[in-house]
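One structure is given here, and the rest of the page talks about it.
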Amino acid sequence: MSTIIIAILVLAGLAAIFGALLGFASVRFKVEGNPVVDQVNDLLPQTQCGQCGFPGCKPYAEAIADGEKINKCPPGGESTIQALADLLGVEPEPLDAEHGAEKDVPMVAYIREDECIGCTKCIQACPVDAILGAAKQMHTVIVDECTGCDLCVEPCPVDCIDMVPQSTDTSSWYWQAPTTGVELIATDRRSITTEAHA
Amino acid sequence: MALLTLSSPHTHGPNRTSRIMLTVALATLPGLAVMTWFFGFGTLINTVLAVVTALFSEALVLKLRKYPVSFFLKDNTALVTGLLLGLALPPLAPWWITVLATSFAIIFAKQIYGGMGNNPFNPAMVGYALVLISFPVQMTTNWVTSFQVTGSEIAGFSEALSIIFTGSSSAADAFTGATPLDQYKHLISKETSDELLQRNTFNGWLNGGWEWVNLAFLAGGLFLMARRIITWHIPVSMLVALSICSLILGWDEDLYTPLSLHLLSGATMLGAFFIATDPVSASTTPTGKLIYGAGIGVLLYVIRTWGAYPDAVAFAVLLMNFAAPFIDAYTQPRSYGHSKPKRGLKPGDK
Amino acid sequence: MTHLIQLHEFDGGIHPPENKRQSNSRPIRKASLPAELVLPLHQHIGAPANPVVAVGDSVLKGQVIAEPEGFVSAPLHAPTSGKISAIEARQVPHASGLSETCIVIEPDGEETWAEHQGLCDALGLEHCDDIPKEKLIERIRDCGIAGMGGAGFPTAVKLHTGQHNIDTLILNGAECEPYITADDMLMREHASEVIRGAQILLQILGAERCLIGVEDNKPEAIAALEDALVQHNEEHHIDVVTIPTKYPSGGEKQLIQILTGKEVPSGGIPASLGIVCQNVGTAAAIADAVDLGRPLISRITTVTGDAVRDKGNWEVLLGTPVSHLLSLSGYRPAKRERVVMGGPMMGFALPTTGLPVVKTTNCLLAPTDKELPTNNPAMACIRCGLCADACPADLLPQQLYWFSKAQEFDKAEQHNLFDCIECGACSYVCPSEIPLVQYYRFSKGAIREERAAAEKAEQARIRYEARIERQEREKAEKEAKRKARAEAAAKAQSAKKEAPIAKAAPATESTATEPTTDADLEKLQKQLSAAQAAVAKTKEKLEAARENPEMADKIPAFESALTKTQDKIKTLAKEIAAAKKAAKAAPAATGPDKGDPNSPERLQKKWETAAARLDTARKRLEDAEAEGADTVDALRTGVEKQESRVAEAKAAYEAALKSGTDNKPTEATATKPDAEQLQKKLLAQKDRVEKARERLEMARAEKLDSVDALEKALNKQLEKLAAFEAQTSTTGEV
Ligand code: SF4
Ligand code: SF4
Ligand code: SF4
Ligand code: SF4
């Protein structure tokens with residue numbers, strides 16, 4: 001009899017202790033959360049391109065919070081999918097090809113200025129106001145603001161907008177990770193070392 | 001013409017992994033010699049067998065993985081794994097135990113994880129633990145009792161060969177038996193320490209041969225330290241932890257194995273200087289190494305004293321291998337310009 | 001040495017072979033003028049300078065050719081007299097081998113100096129000690145001085161210490177990198193300038209003491225500095241401190257630790273410790289700038305390595321091509337040719353020898369492969385910890401390597417990746433010959449890029465939201481304006497109403513044939529409002545009667561009166577409606593075809609609005625269905641009706657279009673834009689289909705698993721195309 005009582009007491013005591021611990025932990029380590037939508041939105045590239053089928057990143061973020069698939073954003077690509085999967089605790093899926101492919105290099109719009117007729121169509125299309133210009137005036141893309149969303153290309157009546165890869169200069173350039181030893185030996189070592197860095 | 005552009009530094013010191021591994025291999029030689037002296041050619045034969053098996057398995061897997069074989073064989077890590085296994089296995093263990101342990105160590109504990117540098121566990125000890133669990137009898141009774149004790153000659157070369165490869169147990173029984181650690185642990189409940197030490201296995205003060213074997217490994221270890229290939233942290237903390245446990249918990253020689261036997265018998269020194277210090281699977285920060293070594297020491301004592309196995313270097317090391325990444329994350333040194341060392345892995349961790 | 005300085009030690013460090021003897025055994029030589037000088041605008045940290053000369057201009061030696069752009073920047077001066085032959089993008093000495101704008105000068109060989117004088121004379125002061133510190137800093141900035149030890153941070157910026165109180169100036173003469181002897185030779189031959197520079201810096205900073213740290217492998221330099229100290233009578237402020245030779249003691253942070261025992265806080269600057277650190281070369285340049293008015297146009301550069309015969313130090317004009325210096329030194333290209341700008345530990349290998357010497361070029365190292373063999377292929381990290389022992393920043397290079405390789409950048413950052421000074425000590429000792437520093441550079445670059453991208457995304461989000469907000473506001477404003485306009489119109493109308501009917505009467509007469517006129521309409525409306533007022537009154541009375549039992553008998557009367565007036569209102573309303581319709585029809589019938597209710601445009605609009613209504617009706621129906629509301633049935637019939645209406649409208653539109661195009665050629669012009677647009681759309685759609693097909697083909701060829709999805713997409717596009725085609729054919733304009 002007494003053993004049972006002791007056992008119960010011990011269990012009760014343990015329960016109390018762990019309960020208190022958990023309670024403490026939940027208070028102490030509380031995550032000050034901004035709501036899921038904002039967190040998701042922060043992970044999306046904010047290109048506002050609409051390739052996901054929603055009118056912008058925020059709407060897609062809202063949809064994701066409501067259970068939409070996370071693999072519909074081509075500009076974000078695999079890394080964004082991974083980050084979303086981490087955030088939401090779901091399995092990452094490969095990018096849904098229906099919405100387009102991930103570009104390997106970030107692009108920016110470039111307006112061939114002498115061809116621009118100043119129709120302001122691109123200004124209306126640009127979701128982030130990255131184009132400067134006025135009616136009948138030449139227009140220019142503010143490269144730093146352009147997200148490379150492509151949306152201005154189609155409305156242009158004279159097709160003077162090109163998407164060009166974002167250029168690197170000496171301050172944005174950086175070393176790439178070296179090829180590993182195994183890869184090096186796999187091909188001829190010498191040619192690789194000279195080529196890869198030439 | 002395009003010049004060669006590689007990232008700095010454009011110069012390199014004399015250290016080479018293959019050379020480090022070779023030095024480790026060299027440092028085991030005194031121990032190997034002393035073991036062969038006391039336990040006969042069985043040790044040598046098994047060690048050679050283990051090395052050959054290790055190199056062969058490594059080459060095989062590299063071939064299968066389509067990796068350059070000679071480049072990776074030259075790093076000498078398979079050599080060291082084979083050597084350590086050969087030294088750890090009982091001298092007269094049947095050949096298939098050696099082959100099994102070694103190939104398992106190389107193929108499963110090392111290459112499956114991605115080869116050198118990527119194995120979370122010490123491959124040699126994984127192989128050892130496998131055969132110890134699978135074949136406890138062969139692993140605990142094939143130890144040679146030294147010739148000084150039995151009075152007979154130790155197994156000669158041909159005899160050792162036939163015992164190992166044909167398993168003729170009649171010949172083997174004359175030379176083999178349990179290790180001193182094993183005997184002491186099992187018989188201390190029946191006899192007093194003094195009576196026990198009069199037995200054949202223990203030649204008066206200690207046991208025939210084991211103390212010399214351990215001293216030889218100690219010497220090899222000190223050589224490695226002098227060459228700055230290993231640091232003092234792991235061996236010292238491990239031996240100190242073992243000693244403290246033994247002095248506090250097992251001071252009564254009539255109840256527990258005495259400290260001298262703990263330190264100078266079994267695989268203690270081999271473990272402390274060659275196995276626990278295997279850099280790949282060990283902790284790598286200075287404080288981490290201390291914790292890691294001490295953990296091995298404590299586990300070693302606990303398993304030796306209360307566990308089912310007479311020796312426990314393999315289990316102690318493997319258990320601490322589990323903890324190594326965690327220990328590393330929480331024992332980062334204080335970096336230049338920081339008032340406090342960082343802890344953990346995530347940017348938010350303090 | 002006058003004071004005893006307590007030296008401290010930094011952790012880690014290595015002792016690579018020094019290899020300094022080759023180049024420090026002969027005095028500094030002056031390099032000859034090359035055929036052209038190439039001056040990159042971006043030789044310093046910060047914004048590139050802004051050219052102020054044009055191609056074809058003649059410049060004098062020391063003349064400003066580019067002005068600083070913003071605060072953190074430095075100007076550029078012509079290193080010799082000559083003509084500007086080009087301002088164009090050229091490859092610059094940078095590990096990337098990228099091109100940036102450079103000013104190219106063709107020397108005239110005259111070396112004619114522009115006018116220049118010492119600051120003291122320029123200000124006309126008697127005591128040169130009285131020069132205000134702002135003037136000194138300004139002079140340093142104007143002379144384009146940027147850190148000459150390797151980083152190239154604009155010196156003047158570093159001297160703006162803000163609120164920090166500086167007590168110690170440290171001059172860095174450690175020169176710990178193997179091979180380099182430029183600072184060594186400078187201290188030997190220009191010790192006086194170095195000390196003079198220290199004096200000026202002390203004056204600017206108001207610091208009490210100056211420590212010149214020199215490694216003990218440069219006894220001649222130390223002796224020369226000591227002599228110069230005595231000459232300048234500065235033994236009390238300035239100390240030459242001999243420090244043990246160990247790489248990287250010349251790192252700013254390490255030198256500060258050695259000399260003061262303090263650590264620069266991570267992410268902070270030495271000034272927060274009351275310390276400013278400058279290179280000895282910079283100090284000498286400052287002395288020249290302040291005392292002589294000479295801008296930074298030349299520097300001392302070591303040319304060494306076994307691939308050059310004649311190793312030594314050169315005083316070389318900035319912009320001199322490396323190939324020129326190399327050929328002066330007897331360069332024999334070796335097998336696996338390499339030319340490193342900077343030292344073997346931290347320098348970078350040049351992609352070609354055509355690149356110019358810049359402000360930070362302290363050494364050109366042309367080693368043979370035997371002398372400095374390139375690394376063997378890297379093996380795996382064995383976690384030996386040698387790198388951690390060597391790291392002067394007390395990092396765990398093996399962990400950083402692991403995280404960088406796995407691209408786990410957050411963990412790398414947590415392990416203080418950004419405290420790595422890229423000294424290369426870890427790579428040097430790594431037995432597996434792993435190019436660790438390259439991994440760190442990659443990680444840092446990737447993290448920086450990620451941060452920049454995140455910042456940009458944040459910016460984009462803000463801009464996007466601002467745009468949405470603006471659009472909404474504009475809409476609201478428009479709405480408000482529209483309302484205001486409508487109100488104004490209504491007011492105007494009511495004002496019209498009060499206008500004498502007589503005015504309307506003639507109009508009525510003139511259109512007597514019409515059944516109703518504006519005046520009639522107004523009359524009717526007046527009647528209507530009177531009737532409505534009557535109804536309201538009756539209702540009130542009725543209510544009162546109902547509440548009051550005494551008046552109960554009057555209720556039926558009221559009620560009948562009410563129904564009567566209500567009937568009257570109804571008929572009135574009907575009449576008004578009819579009148580309105582007629583009024584509208586009248587001008588429509590007589591007006592130009594713009595108002596033709598049967599014109600294709602109108603019909604199209606009708607059709608469109610009908611379709612839009614249908615959409616909303618459908619949506620409502622869906623909502624209702626989802627909510628199980630009991631209005632479902634009603635809505636359903638509504639939708640059906642609307643559907644038929646849309647069909648009607650469409651048919652009408654199409655018929656009109658046909659008749660329009662068939663009978664009235666004028667109408668064709670009206671429809672033409674539509675057709676054209678359709679055509680355009682059609683073409684674009686075809687394009688898209690092509691693209692989709694291509695992608696599908698590619699995916700098929702590569703057996704990607706996206707084939708299915710692509711197929712679906714293609715089908716969709718095809719459908720769309722078909723729709724477009726159908727549409728275009730109905731317009732009869734294909
Ligand atoms: S697809 Fe375009 S609009 Fe949609 S979430 Fe990605 S970037 Fe934003
Ligand atoms: S400029 Fe064009 S590509 Fe760039 S953000 Fe605006 S719409 Fe997109
Ligand atoms: S020195 Fe090289 S092999 Fe050793 S731990 Fe560091 S990175 Fe790994
Ligand atoms: S390069 Fe970075 S990680 Fe390596 S030793 Fe230098 S500071 Fe440490």
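Note on naming: letters A, B, ... go to the chains in the order of the sequence lines (proteins, then strands), and numbering restarts at 1 for each one. Remember, it's a predicted structure, so these values are computed and weren't measured experimentally.
- The distance from atom NE2 of B:H12 to atom CD1 of C:I434, rounded to the nearest 0.5 Å, is 9.0 Å.
- Contacts of B:R19 with chain C are absent, with no heavy-atom separation under 4.5 Å from either backbone or side chain.
- No donor-acceptor pair under 3.5 Å is formed between the side chain of B:H10 and the backbone N or O of C:L372.
- With a 4.5 Å cut-off on non-hydrogen atoms, C:F10 does not touch chain B at all.
- Options C:C423, C:P431, C:A95, C:A380 differ in how many heavy-atom pairs under 4.5 Å they form with chain B, and the most are formed by C:P431.
- Using a distance-only test at 3.5 Å, with no hydrogens or angles considered, a donor-acceptor pair links the side chain of C:Q414 to the main chain of B:R343.
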Does the side-chain contact (heavy atoms from CB on, under 4.5 Å) test come out yes or no for B:R228 and C:D389, once each step is laid out? CA-CA 11 Å; B:R228 293 177 178 274; C:D389 291 344; over 6 Å; no

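- Taking chain B as the reference chain and counting heavy-atom pairs below 4.5 Å, the highest number among C:L436, C:V264, C:I421, C:L386 is found for C:V264.
- Ion pairing between C:D419 and B:K342 fails under the 4.0 Å rule for side-chain N and carboxylate O.
- Rounded to the nearest 0.5 angstrom, B:M21 CE and C:M379 CE are separated by 10.0 Å.
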Show the numbers, then the answer: is there a side-chain contact (heavy atoms from CB on, under 4.5 Å) between B:S8 and C:R441? CA-CA 10 Å; B:S8 67; C:R441 288 186 171 140; 3.0 Å; yes

From CA spacing to verdict: side-chain contact (heavy atoms from CB on, under 4.5 Å), B:D328, C:R383: CA-CA 12 Å; B:D328 279 350; C:R383 298 167 65 79; 2.7 Å; yes

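- The structure places OG1 of B:T11 at 9.0 Å from CD of C:E371, a figure rounded to the nearest 0.5 Å.
- The structure places CG of B:N118 at 12.5 Å from CD1 of C:I382, a figure rounded to the nearest 0.5 Å.
- For the set C:N416, C:V437, C:V429, the entry with the most heavy-atom pairs within less than 4.5 Å of chain B is C:N416.
- Of the listed residues (C:Q399, C:Q398, C:H415, C:M346), the one with the most heavy-atom contacts under 4.5 Å to chain B is C:H415.
- Here C:L396 contributes atom CG and B:T331 contributes atom OG1; the two are 7.5 Å apart, rounded to the nearest 0.5 Å.
- Residue with the most contacts toward chain B among C:C381, C:S266, C:P16, C:P367: C:S266 (heavy-atom pairs, distance under 4.5 Å).
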For C:L395 and B:Y336, run side-chain contact (heavy atoms from CB on, under 4.5 Å): C-alpha distance rounded to whole Å, both residues' side-chain angles, the deciding distance at 0.1 Å, then the answer. CA-CA 8 Å; C:L395 305 174; B:Y336 181 102; over 6 Å; no

